[in-house]
Amino acid sequence: MNSSTLPIIWRFLGLLAVQGLLLKQMGMAVDLTYFNVLLYPLFILLLPLQMPAPYVVLLGALIGGAVDVFYASPGVHASAGAFSGFVRGVVIGMFSPKGGFSSKELIFSPAHVSWPTYLRGAAIFFFLHLFWYFSVDAFTFVYFGSIIGRTAASWGLTMIFVVLYGAMFNPKN
Amino acid sequence: MGRLFQLLLRNGGFVTWIFVELFCFVAIVQYNNTQGAVWANTTEIFGGRILEKRQNISDYFSLSERIDSLNHVMDSLQSRLANARVMQVSVRDTHFLVTYDSLSLSDSIRHKTIRPEYEFITAKVIGNSITSANNWLIINRGSNDLVAPHMAVVSANGIVGIIRHVSPNFSIAMSALHRQTKITAALQKQKTFGSLVWEGGDPQVMTLKDISKHFEDVIKPGDPVVTSGYSVMFPKDIPVGKVLSKATPDPENPHFLVVKVQLSQDMSDLNDVSIVRNLYSVEIDSLKAKVKQ
């Protein structure tokens with residue numbers, strides 16, 4: 001196991017534990033409809049920039065599937081994770097310098113890209129993830145207004161945790 | 001194989017995503033009650049629509065059979081209707097001035113009055129003309145189907161003609177648009193009758209002759225014209241058409257009026273018709289013969 005794999009595993013386990021044991025309990029303590037912080041997609045966003053897209057999709061589905069175990073919602077988070085794995089490349093591509101990221105920029109974190117870039121990228125990425133998640137959760141666009149409302153509310157709360165995570169850990173690889 | 005794997009690695013993000021989403025979709029529908037219910041409901045709606053469309057296509061291809069079936073039903077109803085009208089006459093014959101609808105006689109008398117007089121034979125027009133002075137129709141029913149000369153031909157819209165010649169499987173009918181056609185028709189509102197003839201020209205217009213002069217002011221355009229029931233061939237109240245214009249004095253006989261009648265049946269668009277068989281025509285004809293003697 002090389003040095004670049006270990007942080008990925010730790011981040012996977014750490015974010016999964018936070019999501020499944022802490023954030024889920026917080027959500028259950030209040031109304032889960034609009035207070036639904038989903039931090040685990042950060043694992044997908046922080047995967048190595050040079051990682052091939054299929055791996056990102058599969059790892060996204062993997063962490064989503066693991067979260068589904070906690071939430072007893074087979075396939076729902078896995079679908080959102082796979083979607084985020086797919087769109088991550090598009091979102092990061094929007095903020096890549098001319099000629100793409102170099103091998104020095106290992107992950108999409110404030111340590112390698114600036115804070116404003118990280119925040120803007122994370123904002124779009126999390127919005128897309130949450131929108132997909134709530135759409136799959138509702139499984140119909142009949143409740144489109146409710147989907148947008150829940151996405152906006154959860155996105156606002158989640159972004160606070162995203163900033164906190166960046167400030168506390170500011171991962172380098 | 002290695003190259004294919006490399007290609008998938010480079011461009012396979014989308015493909016992988018689609019496969020994973022399909023897998024997730026199955027899991028979501030299978031193991032989540034809410035999403036499963038939504039999916040079941042959706043498939044029910046769309047499945048229903050697809051089935052409905054398939055049924056429509058199937059119905060379209062079986063239209064011919066269904067039309068035939070409906071024609072039989074129509075004939076049965078027409079025959080019951082025509083016979084119901086006859087029953088009123090039969091009731092009157094027993095000296096009870098009551099209509100069939102309000103008949104409150106004993107069942108034995110009612111039973112005696114129920115005497116079917118007409119049968120309707122389903123047929124198709126396989127030849128038709130409207131441009132000659134004397135027009136004819138060819139019909140796909142003949143003596144094998146109990147069709148005989150002097151039977152009336154009607155459609156769902158109105159009168160069509162009269163059977164003149166019969167072969168085992170086909171018959172030729174004199175169209176209503178024939179100079180020799182003469183049908184007793186009645187003005188339904190005015191309760192008077194006359195002779196309906198075709199004088200040539202417009203194939204949609206016939207002339208009702210021999211209407212008493214005192215009806216001149218009460219006949220209005222649009223008034224319904226029906227068969228009178230005074231002929232052996234046509235049952236009572238079969239639609240003929242409607243009055244086209246105000247009645248005018250008959251130039252050949254100024255004591256009577258003539259009325260132009262717009263036919264309810266478009267004679268250029270004939271397909272399904274019924275041949276009316278009067279079950280007592282022989283009996284009535286023999287009585288008529290005695291009068292002539």
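Quick note: numbers below take in every heavy atom, side chains included, and nothing from hydrogens, waters or symmetry partners. First the proteins, then the strands, lettered A, B, ... as listed; each starts at 1. Since we're looking at a predicted model, the values are computed, not measured.
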- By a 4.5 Å heavy-atom criterion (distance strictly below it), what part of B:F23 contacts chain A: side chain, backbone, both, or neither? neither

- Under the 3.5 angstrom rule, does the side chain of B:T227 hit a backbone N or O of B:P235 as a donor-acceptor pair? yes

- Item | Leading residue by heavy atom contact count with chain A [cutoff under 4.5 Å; candidates B:V38, B:N33, B:T42] | B:V38

- Pick from B:I28, B:V20, B:V29 with the largest number of heavy-atom pairs that fall under 4.5 Å of chain A: B:I28

- Do the charged groups of B:D223 and B:K242 touch, with an N to O distance under 4.0 Å? no

- Item | Largest heavy-atom contact set with chain B, pairs under 4.5 Å, which of A:A61, A:A138, A:S73, A:G64 | A:S73

- Message: Less than 4.5 Å to any heavy atom of chain B: does that hold for the side chain of A:D137, its backbone, both, or neither?
- Response: both

- Item | Partners meeting side chain to side chain contact (heavy atoms under 4.5 Å, CB included) with A:L62 (sequence neighbours left out) | A:F12, A:L59

- Note on the structure: Bottom line for B:Q35: the part with an atom under 4.5 Å from chain A's heavy atoms is both

- Task: Measure A:V56 against the heavy atoms of chain B and call it side chain, backbone, both or neither at under 4.5 Å.
- Result: neither

- Task: Could you tell me whether the side chains of B:S268 and B:D266 share a donor-acceptor contact shorter than 3.5 Å?
- Result: yes

- At a heavy-atom separation under 4.5 Å, does B:V26 approach chain A through its side chain, its backbone, both, or neither? neither

- Taking all non-hydrogen atoms of both residues, which atom of B:M206 and which atom of B:L263 are closest, and how far apart? SD-CD2, 3.5 Å

- Under the side chain to side chain contact (heavy atoms under 4.5 Å, CB included) rule, collect the residues that match up with A:L106, sequence neighbours excluded. A:H112, A:N173

